Amino acid sequence: MRIWLNIFLKSFASICMLSVFIFGIPSFADEKSGAHIYKEVCSACHEKGVVNAPKLGDQTAWGKLISEGQVIITAHGYVGVRAMPPRGGKEDLSVEQFSKALNYMVNKSGGNWISPSKSMLEEINKEISIRKKNID
Ligand code: HEC
């Protein structure tokens, strides 16, 4: 009897792990931490639109940015634009973390951006270094 119980529990555990893998619970976690970073860092300005920051949920303001594309907007926001401080003022934010928070805002404002793939991340980093050179 015991051996069957063991086999049952082991199969059950594998099925659970497999479904996490297939159905992408990790992407749900991504979404959550984007919301978390947004609240911690970006909401100070983007919640109420301080100094003309595009507001969370403002489809007109975000629509223009969305049409410029994820690579450009992620890179420019990361480096800083006019009153938008580099990395939203949090110096130790990685490109991936910045991108998660940005995607959270974009997706609440009419867009549909997903975590950048490896190749998109390379393009973002390239654009960041071009942009930094132009600023210096
Ligand atoms: C201190 C206030 C402040 C904080 C904090 C802040 N922003 Fe901004 N952000 C702005 C302002 C102001 C603008 C508009 C800049 C302009 O167009 O003049 C802006 C614009 C942007 C843009 C558009 C850039 C472009 O190319 O026009 C992005 C993307 C952005 N913010 C992302 C973020 C993210 C993601 C965070 C959090 C990690 C964040 N911001 C935190 C003030 C802030």
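Whatever order the structure lists ligands and atoms in, that order sets their numbers, starting from 1. Computed from a prediction, not measured in an experiment: that's the story for all the values here. By convention here, the first residue in the shown sequence is residue 1.
Residue Val41 has at least one heavy-atom neighbour below 4.0 Å for each of these atoms of ligand 1: 5 (C), 37 (C), 38 (C). Applying the 4.0 Å criterion to heavy atoms of Ile73 picks out, from ligand 1, the atoms 26 (O), 29 (C). Listed by number with element, the atoms of ligand 1 under 4.0 angstrom from any heavy atom of Leu102 are 29 (C), 35 (C). Near Leu93, the atoms of ligand 1 lying under 4.0 angstrom from a non-hydrogen atom of the residue are 38 (C).
Here ring pair (Phe, Tyr, Trp, His ring centres under 6.0 Å) pairs that include residues 115-134, with residues two or more places apart or in two chains, number zero. For residues 53-69, no pair satisfies side-chain hydrogen bond (donor to acceptor under 3.5 Å, both in side chains), with sequence neighbours left out.
Applying the side chain to side chain contact (heavy atoms under 4.5 Å, CB included) rule to Asn52 yields no partners; only residues at least two apart in sequence or on another chain are considered.
Nearest non-hydrogen protein atom to atom 27 (O) of ligand 1 is Leu65 CD2, 3.4 Å. The protein heavy atom nearest to atom 28 (C) of ligand 1 is Trp62 CH2, 4.1 Å. Atom 12 (C) of ligand 1 has as its closest protein heavy atom Val51 O, 3.2 Å. When hydrogens are left out, the protein atom nearest atom 16 (C) of ligand 1 is Arg82 NE, 3.3 Å; that is the closest non-hydrogen contact.
Relative ring orientation between Tyr78 and Phe98 is described as perpendicular, the plane-to-plane angle rising above 60° on a 0-90° scale split at 30° and 60°.
Considering backbone and side-chain N/O atoms, His76 never comes within less than 3.5 Å of an N/O atom of ligand 1.
Considering every non-hydrogen atom in both Ser115 and Asn103, the closest pair reads N-ND2, 3.7 Å. Between Ser99 and Gln70, the closest heavy-atom pair is OG-NE2, 4.5 Å. Nearest heavy-atom pair across Ala83 and Pro85 is O-CD, 3.2 Å.
Among protein atoms, those of element N, O or S found less than 2.8 Å away from atom 8 (Fe) of ligand 1 are His46 NE2, Met84 SD.
Atom CD of residue Gln97 and atom CZ of residue Arg87 lie 11.0 Å apart, to the nearest 0.5 angstrom.
Open room surrounds CD1 on Ile114; 12 or fewer heavy atoms of other groups in view lie less than 6.0 Å from it.
Shown here, atom 22 (C) of ligand 1 is out of close reach of the protein: none of its heavy atoms lies under 4.0 Å off.
At distances below 3.5 Å, not a single donor-acceptor pair connects side-chain atoms of Asn112 with backbone N or O atoms of Asn107. Between the side chain of His46 and the backbone N or O of Pro54 there is at least one donor-acceptor pair closer than 3.5 Å.
At least one heavy atom of Met105 lies less than 4.0 angstrom from ligand 1.
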